[in-house]
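Step one of this worksheet: look at the structure below.
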Amino acid sequence: MAKFITKMTKADALAPIIALEGVVVTGRTIQAYKRGKADEARERFIEETSGSLVWLCGVAALNELGDKLLGKILKKQGANFDVGTDKVLRRPFDNFMKKVAPKGFTGTQVALLKGAKVLSSIALANLFIGFVVPKMNHYITNSIRNNNKDIENEDKQETKNLTFKGAMGALNTFTNAIENTNTGKLLSTDFGIAGGRMYNARTPEERREIAFRDLGSIYFYMWAQGHVSNLLNLAESGKANRLNPSTAATVDKYLQEFIKSQGGEMSVEDFKKTVLGNISEVKLPENIAFEKQEQSLLGKLFKNEPLQVAKVSELEKIISDQDLLNRIKEMAKLQPERLGEAVITKQQLMDVFNNAEITNPKLLDKAYNEFTGGAHNSEFKFVSNNKVEKLKKEIIEYAETICKESKDGKINSELLKKVKNKNLIYNGINFAAGFTVAAAFLSTFIPKIQYYMTRKTTGIDAFPGTYEYDKKKDMVA
């Protein structure tokens, strides 16, 4: 059970998505059969399974094919790179252009080619699910209903050229999101697919059902599970987030070894002092020159502190303590060098001066490596600093929970194990609750609501793809 929960709650895991898709396909096919019998059930099954397969495998396959074509154009086969950036810390595209610069191509040209590759994969996926699959479904249904006769007088449809406008930064952000996040992949296809299906709908009633079903499903695919989990976490601990089981296991192993090195048991006060430290009392040298990230409009609105970065080579001129310098160098390895030079964030520097075990670079490197698949310090990959800082915050909160769970003022191996198991159980409960809510709406409630809408507006409970509403209404009148 522990392995199952860990696998299903792992960052960007495909297993829960595949499980959810299986429930959705089954549920929607059953609901379709209840109303429209074989015709609607067959169309829904084909539509849902093709959409799932294209999103789970097709977009990635198209991207992989695009990478090979891009490699041939740039004459740099196998040199994959990300174009996402936080400007002052991780700049994988700049690293790529410096170390693997394709001859005869400018940075702008390479970024545009990368963007074109991603846009092409999305366009092909959208066209297939939004236009080819509906037409195929219509053909099969009409053939069966008309004793396998060929469909005649197909309507000719115009297609519009896809255009993209915007700054290079926006293009790079978009490209990175589509390539590297499940959220980006899903959203990139959802709106295009919904539009294609609506365009190819056979009746106004079918068009309304598609619009409600496809657009109404986005929230439950993307955010419902996370929101349910956050609410349950708030109810249990007062905090919205909880450390994932995979990282918790990494932290537990590290703390078990640390506790063992301290004689097998520590007081809560000693644990707080050595493991958590007191970062509120940290004061950095005043003469450190930090580069500040340009604050976004959203960041200014919420008054977020901009990301600040210092060069390790400059810190070596200011700090004389060799132990601090060694820890700074280790901490700087949590991200790749920026154009060949080691850099460290202001927050990381404060963690160095705090000298707490919970932010030891050795522990964080193991946690980040497991969480990002090794991308956190890869020179050609982009991992948002916000992503790893959020994980670090959850790791610290996990250590604070250990202190709270101590009933006798002592922390030992048994307590660490108890906290890890409790964290695992709550993660499992949260996942099950979120999955159940999302699956129920996607597989059952949304289809029932869309059927109810058609029934209320037409007075007829029938599959709008094949039912001739206008003729039936005239007959009733």
Side-chain angles (χ1 to χ4, degrees), residues 1-7 9-11 236-237 239 241-282 321-334 347-374 376-377 388-428:
M1 180 58 71
K3 289 183 178 179
F4 173 78
I5 296 173
T6 300
K7 183 177 181 180
T9 55
K10 197 171 182 179
E236 190 276 326
S237 66
K239 295 180 180 179
N241 298 307
R242 184 181 300 279
L243 188 61
N244 69 82
S246 295
T247 305
T250 299
V251 174
D252 176 75
K253 183 178 180 181
Y254 182 88
L255 291 179
Q256 290 280 8
E257 292 175 356
F258 178 73
I259 290 289
K260 186 177 180 181
S261 71
Q262 301 298 307
E265 188 173 85
M266 297 179 69
S267 69
V268 170
E269 290 305 314
D270 285 343
F271 185 88
K272 286 181 178 179
K273 185 177 180 180
T274 57
V275 174
L276 290 167
N278 191 349
I279 200 157
S280 62
E281 295 184 356
V282 171
D321 188 314
Q322 195 59 46
D323 288 337
L324 275 176
L325 283 175
N326 289 338
R327 194 171 172 108
I328 286 171
K329 290 176 182 177
E330 288 301 310
M331 192 70 83
K333 292 178 182 178
L334 295 179
Q347 183 58 54
Q348 287 177 323
L349 197 56
M350 291 181 68
D351 289 334
V352 167
F353 276 80
N354 188 36
N355 197 29
E357 284 300 321
I358 203 64
T359 52
N360 188 308
K362 292 180 181 179
L363 168 59
L364 294 180
D365 184 54
K366 290 178 181 178
Y368 293 173
N369 185 68
E370 187 277 330
F371 190 68
T372 68
H376 69 291
N377 56 7
V388 293
E389 278 296 314
K390 180 176 179 291
L391 180 66
K392 188 190 75 177
K393 181 182 177 182
E394 291 172 3
I395 291 172
I396 293 171
E397 290 175 349
Y398 180 84
E400 292 172 343
T401 300
I402 294 172
C403 297
K404 293 176 183 177
E405 289 291 326
S406 176
K407 305 302 181 184
D408 58 0
K410 301 293 183 181
I411 293 176
N412 52 36
S413 178
E414 287 302 313
L415 179 63
L416 294 180
K417 185 178 179 180
K418 175 186 173 183
V419 172
K420 184 185 74 168
N421 289 339
K422 185 177 179 180
N423 180 74
L424 178 70
I425 291 170
Y426 275 113
N427 267 294

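All values reported here derive from a predicted model rather than from experimental measurement.
Nearest heavy-atom pair, Gly277 versus Ala356, reported as atom, atom and distance to 0.1 Å: N-CB, 3.8 Å. Residue Val275 comes nearest to Leu255 through the heavy atom pair CG1-CD2, 4.1 Å, listed as atom of the first residue, atom of the second, then distance. Of all heavy-atom pairs spanning Gly264 and Asn412, the tightest one is O-CB, 3.5 Å.
Taken to the nearest 0.5 Å, the CG atom of Leu424 stands 8.0 Å off from the NZ atom of Lys420. For the atom pair CG of Asn360 and CZ of Phe258, the computed distance is 9.5 Å after rounding to the nearest 0.5 Å. With rounding to the nearest 0.5 angstrom, the CG atom of Asn278 is 13.0 Å from the CG atom of Asn355. Note that CG of Leu363 and OH of Tyr368 are 9.0 Å apart. Values are rounded to the nearest 0.5 Å. The CG atom of Asn423 sits 9.5 Å away from atom CD1 of Ile402, with the distance rounded to the nearest 0.5 Å. Residue Ile259 holds its CD1 atom at 7.5 Å from OG1 of Thr274, rounded to the nearest 0.5 Å.
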Steps toward side chain to side chain contact (heavy atoms under 4.5 Å, CB included) verdict (Leu415, Glu405): CA-CA 8 Å; Leu415 179 63; Glu405 289 291 326; 4.0 Å; yes

Salt bridge (charged side-chain N to carboxylate O under 4.0 Å, His left out) between Lys260 and Glu257: does it pass, once the steps are laid out? CA-CA 5 Å; Lys260 186 177 180 181; Glu257 292 175 356; over 6 Å; no

Working note: His376 + Asp365, criterion side chain to side chain contact (heavy atoms under 4.5 Å, CB included); need CA distance, chi angles, decisive distance, verdict. CA-CA 9 Å; His376 69 291; Asp365 184 54; 2.9 Å; yes

Could you walk me through whether Asp351 and Met331 pass side chain to side chain contact (heavy atoms under 4.5 Å, CB included), step by step? CA-CA 9 Å; Asp351 289 334; Met331 192 70 83; 3.9 Å; yes

In sequence, state the C-alpha distance, the side-chain angles, and the governing distance for Glu400 and Lys404, and then conclude on salt bridge (charged side-chain N to carboxylate O under 4.0 Å, His left out). CA-CA 7 Å; Glu400 292 172 343; Lys404 293 176 183 177; 5.5 Å; no

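No side-chain heavy atom of Asn377 sits under 4.5 Å from any side-chain heavy atom of Leu334. Between Lys253 and Lys366 there is no side-chain heavy-atom pair separated by less than 4.5 Å. Annotation: side chain of Phe353 is not in contact with side chain of Arg327 (no heavy-atom distance under 4.5 Å). Contact of the Lys422 side chain with the Val419 side chain is not registered, since no non-hydrogen atoms from C-beta on lie closer than 4.5 Å. Considering only heavy atoms from C-beta on, Leu364 stays 4.5 Å or farther from Val388 through its side chain. Proximity of Asp408 to Ser406: side-chain heavy atoms (C-beta onward) are separated by under 4.5 Å at one or more points. Counting only heavy atoms from C-beta outward, the side chains of Gln262 and Phe271 never approach each other to under 4.5 Å.
Donor-acceptor pairing under 3.5 Å is lacking for the side chains of Asn326 and Glu330. With 3.5 Å as the limit, one finds a donor-acceptor pair spanning the side chains of Gln256 and Ser413.
Side-chain atoms of Asn354 come within 3.5 Å of backbone N or O of Leu276 as a donor-acceptor pair. Judged by distance alone, the side chain of Asn427 and the main-chain N or O of Thr6 form no donor-acceptor pair under 3.5 Å.
Counting non-hydrogen atoms of other residues, nucleotides and ligands closer than 6.0 Å to NZ of Lys239 gives a total above 12.
Under the side chain to side chain contact (heavy atoms under 4.5 Å, CB included) test applied with Ile395, the options Thr359, Thr250, Ile358 reduce to a single match, Ile358.
A search for salt bridge (charged side-chain N to carboxylate O under 4.0 Å, His left out) contacts involving Arg242 returns Glu236, not counting sequence neighbours.
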